2 protein chains.
Amino acid sequence: MKRVAPAASEPDTRERILAAALTVFAERGFEAGTVRDITEAARVNTAAINYYFRSKDELIRQVFEAGLKPIIRARSGALEACIRQSAPALPKISAVAEALVRPLVELGAGEYRDVMTILMQVRTGQLPLTKRIVEEQFGPVHERFVDLLQKLLPDLSRTEIALRYDCARGAVLQTLVHLAPASALAVAETDRERVDHEKTVRRLVRFVSAGLEAPPG
Amino acid sequence: MKRVAPAASEPDTRERILAAALTVFAERGFEAGTVRDITEAARVNTAAINYYFRSKDELIRQVFEAGLKPIIRARSGALEACIRQSAPALPKISAVAEALVRPLVELGAGEYRDVMTILMQVRTGQLPLTKRIVEEQFGPVHERFVDLLQKLLPDLSRTEIALRYDCARGAVLQTLVHLAPASALAVAETDRERVDHEKTVRRLVRFVSAGLEAPPG
DNA sequence: AGATGATTAAAACAATTGTTTTCAACAGGC
DNA sequence: GCCTGTTGAAAACAATTGTTTTAATCATCT
């Protein structure tokens, strides 16, 4: 069949595999997480993974890229919004910092916690495949952030800006490790946790802002 | 034999395995790095690993703990030195920042680059064993850093101090990823690279100091 | 020299890995 | 109604994993 009406059958197996793979990879890593772990978690047969995706590598690629996209979009959107709001003037450093921090914290503490975990695993670049994906996907966003920071901090060299931007990302990611255990469906999240995340965002923004606009050397 | 004279035989095989394991684990991770990878790199037999260490897990533990110790010692020593030099007054924030940054950069760019790589892999805590080791080994040092920062920044709550300290560590580690490829035995290191590392240290200290002493919220 | 125990080498082990095969169930188009 | 191609389950595949076994080699002490 040409898959004319993917109404009821499509979201089932394939989506279950993708969701289960994300969790398994986050918990055990890309290499240690086996396809059988995933099939068990998704309650599907072993062959299903090689049927829907051609191999484990392809599954990794699709899971990873699919998970990354919303994060990229959120950060990109936050950056644009921050520029738009201050236009025609340039945004303040703290606003740029918040555009960097808030999406990461909110997504990393919520629905996309597993993706963040994977992102951090990948940073040391054991798997060339995932390293390449990260660089491809995040490259443009990083460049735009550094470009904007360069305008805001004309006294700093571009390499110094890039290093400070790296520091900022590292600070946020390190904080995410210890962050509240997500639970996007927890009922209590509307109160306690969101408040905590708001405080975390404020604190991170303060740290990152101060670091970014430190006097040049 | 009771190994009375470990002169010539001891440093051979066992040390070769440890060194090879460190490299393999840094390149491929604890789970993906196989004992056969290690035996090949160390030019020893497969059984040697289970002879000298009882299992792969034990090898991981020993390699990891042995690698961590010099790092802990360096950071601990730098902190003490920084306190001693300013005594009886309290050290400046920038001095504390340097005590945090310099050992990590110098070790992480030199002989202990592989350990640093492993340290970053471990941060997401897939392997409970390694996570426990990190917490055990680094716990005391972290506490002393936070204690000192608390005295220097009495207006901040302890949780805020802890978060900023986390940010600082994250900033340094993130920078280490992109750092010069080590090569502890390279001849040219005495000039070009050491200068670069010195500049990196200065820049990191500036970023971290500014972040640490940002105004409270 | 002979004996003892440490060390290494080669082969085999059972378990687990990713992947393939085989076959059954099911849908819609001719 | 038969046939198409998609979906799914069970079993088997070859390769690789950590580990063990077996036997040979080596050094040292008596």
Side-chain angles (χ1 to χ4, degrees), chain A residues 1-64 118 121 126-130, chain B residues 1-25 27-64 121 126-130:
Chain A
M1 276 299 79
K2 266 307 183 60
R3 181 128 302 295
V4 186
S9 58
E10 175 78 354
D12 252 349
T13 304
R14 195 168 185 282
E15 293 303 318
R16 274 217 311 282
I17 293 179
L18 281 172
L22 190 67
T23 307
V24 167
F25 287 147
E27 281 174 356
R28 317 230 297 120
F30 279 129
E31 316 220 32
T34 74
V35 315
R36 279 175 181 81
D37 288 338
I38 298 171
T39 54
E40 280 177 28
R43 306 188 318 280
V44 299
N45 195 269
T46 320
I49 285 189
N50 286 283
Y51 173 75
Y52 284 105
F53 316 87
R54 302 182 325 154
S55 64
K56 186 189 178 183
D57 269 10
E58 254 297 298
L59 173 62
I60 291 178
R61 208 183 55 77
Q62 293 203 26
V63 167
F64 196 37
I118 292 178
Q121 290 173 10
Q126 305 129 31
L127 258 183
L129 167 67
T130 55
Chain B
M1 278 294 80
K2 264 308 182 58
R3 182 127 304 293
V4 187
S9 60
E10 175 80 351
D12 252 350
T13 304
R14 194 168 185 282
E15 292 302 319
R16 274 216 312 280
I17 293 178
L18 281 172
L22 191 66
T23 307
V24 168
F25 287 146
E27 283 175 352
R28 319 232 293 122
F30 278 129
E31 314 220 35
T34 74
V35 315
R36 281 174 177 82
D37 287 338
I38 298 170
T39 54
E40 281 178 27
R43 305 188 318 279
V44 300
N45 195 270
T46 320
I49 284 190
N50 286 284
Y51 174 75
Y52 284 105
F53 315 88
R54 303 183 324 155
S55 65
K56 187 190 177 182
D57 269 10
E58 253 298 296
L59 173 63
I60 290 178
R61 208 184 56 77
Q62 292 202 28
V63 166
F64 196 37
Q121 290 173 10
Q126 305 129 29
L127 257 182
L129 167 68
T130 56

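Just so it is clear, the structure is predicted and the values come from calculations on it, not from any experiment. In what follows, chains are A, B, ... by sequence order, proteins preceding strands, each numbered from 1. We use all heavy atoms of the structure for the numbers below, so side chains are in, but hydrogens, waters and symmetry mates are not.
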Rounded to the nearest Å, what distance is computed from the [atom1] atom of residue [X] to the [atom2] atom of nucleotide [N]?
| X | N | atom1 | atom2 | result |
| --- | --- | --- | --- | --- |
| B:D12 | D:dC26 | CG | P | 14 Å |
| A:Y51 | C:dT21 | OH | P | 15 Å |
| B:I17 | C:dA9 | CD1 | P | 10 Å |
| A:I38 | C:dT19 | CD1 | P | 11 Å |
| B:D37 | D:dG18 | CG | P | 8 Å |
| A:N50 | D:dA9 | CG | C1' | 14 Å |
| B:R36 | C:dA15 | CZ | P | 16 Å |
| A:E40 | D:dA9 | CD | P | 14 Å |

Self-check item: Given DNA chain D, 5'-ward residue of the pair B:K56 and A:A48, judged by closest heavy atom
Solution: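 Nearer the 5' end of the strand: A:A48.
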
Practice problem: Using heavy atoms to find the nearest nucleotide of DNA chain D for A:V44 and B:R54 separately, return the residue whose nucleotide is more 5′. | Solution: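 Its nearest nucleotide being more 5', the pick is A:V44.
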
Exercise. Have a look at A:F30 and tell me which of A:D57, A:V24, A:T130 forms a side-chain contact (heavy atoms from CB on, under 4.5 Å) with it.
Key: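 It is A:T130; the other options fail the test.
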
Quiz prompt | A:I38: which of A:L18, A:L59, A:T23 passes side-chain contact (heavy atoms from CB on, under 4.5 Å) | solution =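 Per the side-chain contact (heavy atoms from CB on, under 4.5 Å) rule, the option paired with A:I38 is A:L59, out of A:L18, A:L59, A:T23.
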
Quiz item: Given that A:T34 and A:N45 both sit by DNA chain C, which one's nearest nucleotide is further toward the 5' end?
Solution: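 On the 5' side of the pair lies A:T34.
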
Exercise. Using heavy atoms to find the nearest nucleotide of DNA chain C for A:D57 and B:A47 separately, return the residue whose nucleotide is more 5′.
Key: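 So the residue in question is B:A47.
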
Quiz item: Looking across every strand, which nucleic acid part, if any, lies under 4.0 Å from A:S55 by heavy atom: base, sugar-phosphate, or nothing?
Solution: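 Here A:S55 touches the backbone only, sparing every base.
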
Quiz item: Considering all heavy atoms of both residues, which atom of B:I49 and which atom of B:V35 are nearest to each other, and what is their separation?
Solution: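 Closest pair (atom of B:I49, atom of B:V35, distance): CD1-O, 3.8 Å.
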
Exercise. Determine the minimum heavy-atom distance between A:E31 and A:K56, stating which atoms define it.
Key: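 It is O-NZ, 3.6 Å.
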
Quiz prompt | Atom pair CD/CG of B:E58 and B:N50 - distance to nearest 0.5 Å | solution =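 Going from the CD atom of B:E58 to the CG atom of B:N50 covers 11.0 Å.
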
Quiz item: Hey, is the side chain of B:T46 poking within less than 4.0 Å of OP1 or OP2 on C:dA9, counting only N and O atoms?
Solution: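 Answer no for this pair, as no side-chain N or O of B:T46 is under 4.0 Å from OP1 or OP2.
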
